[in-house]
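Here's the structure we're looking at; comments come further down.
Note that ligands are numbered from 1 as they come in the structure, with each ligand's atoms numbered from 1 the same way.
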Amino acid sequence: MTIFNLGSINADHVYCVPHLPGPGETLAATSMQTGLGGKGANMSVAAARAGSHVVQIGAVGRDGLWAKNRLLEYGVDTRHIAELDVPTGHAIITVDDVGENAITLFSGANHQISEDSIARVLSSGSTGDIFVTQNETNAQVIAAKIGSKLGLRICYAAAPFDANAVKAMLPYLDFLILNSVEAQQLETALDVSIEELEVADIVITLGAKGARWVGREIDQSFDAIKVDPIDTTGAGDTFTGYVLAGLDRGLTMGQSISLAMRAAALMVMRMGTADVIPDLKEVEEFSGL
Ligand code: RIB
């Protein structure tokens, strides 16, 4: 089957710093690297590395052709990534000594994706295919609506979090993934508990505490794998990509989450984003430190 991903593509500029800078502070980075990122691209690479056929729907500027090529090299179907006369999206990422990060985004081409082209690509999808999106592009709701009509399983990774954006997506969702802070924010914004949401499957990532799956008549916790993190950036995206790839190849939700937790644990021990997402063999061989 196919995973269609309406998602962002960024150049990630990653700066290692002793601590995250405060307001008005000037701080010297100890190192700097640029690589492929964007929550969308990271999820696509993760799912492709986990063995799925992934179609990325997105856009880059002429300065971002390298990013499109790199996605292709990582096994992602890039034929529906538009090349536009606007700058490619980018992210300024600072990572501190304990692996925490702060990210500033510039959307660029990620907010210029044509709704017509989304409709055209999704029309090749059918029941059993998965549609996933995040909150770094335009047109998520219209795409989810189209995908839902076609019988695709609609998944939304609610990041960067915006309660109104989640609210608009809720009627179409089969699967929602968010972290514990976002789950609390959503409960407050909607004045309902997560268990009351009309979404078949909800997965809440809990960082070092693991993950929780709230499904129909199930509420299951998963223990975290103990690792020494150096950079948590992109770990959540890797988790999502691996969960979807697991479901895509017929694993149960529990099996998919367990596999995804191993992928995310490996990811936090690496500096960088899409370029360092582990492949399925590495993940299957890894069981913690
Ligand atoms: O989740 C990590 C990602 O967020 C980075 O790759 C960055 O580009 C931003 O989109």
Of the protein's non-hydrogen atoms, which lies at the shortest distance from atom 4 (O) of ligand 1, and what is that distance? K39 NZ, 3.0 Å

Taking 4.0 angstrom as the limit and counting only heavy atoms of A91, give me the atoms of ligand 1 inside it, by number and element. 7 (C), 8 (O)

With the 4.5 Å side-chain cut-off for hydrophobic clustering, are Y15 and I230 part of the same group? no

Where ligand 1 meets G37 - atom numbers and elements under 4.0 angstrom, heavy-atom basis: 6 (O), 8 (O)

With distance as the sole criterion, is a donor-acceptor pair present between the side chains of T188 and Q185 under 3.5 Å? no

When F175 is tested against each of V132, V203, I202 for side-chain contact (heavy atoms from CB on, under 4.5 Å), which residue passes? V203

Of all protein heavy atoms, the one nearest atom 1 (O) of ligand 1 is D237 OD2, 2.7 Å

Mind checking whether G38 has a heavy atom under 4.0 Å from ligand 1? yes

Do side-chain atoms of S8 reach the backbone of K39 as a donor and acceptor pair under 3.5 angstrom? yes

Identify the closest protein heavy atom to atom 6 (O) of ligand 1: which residue and atom is it, and at what distance? D12 OD2, 2.6 Å

Are the charged groups of D129 and R153 less than 4.0 angstrom apart, N to O? no

Within one Ile-Leu-Val-Met-Phe-Trp-Tyr cluster: I204 and M169, side-chain cutoff 4.5 Å: yes

What protein heavy atom is closest to atom 10 (O) of ligand 1, reported as residue, atom name and distance in Å? E136 OE2, 2.7 Å

Any idea which atoms of ligand 1 are less than 4.0 Å away from a heavy-atom of L105? 9 (C), 10 (O)

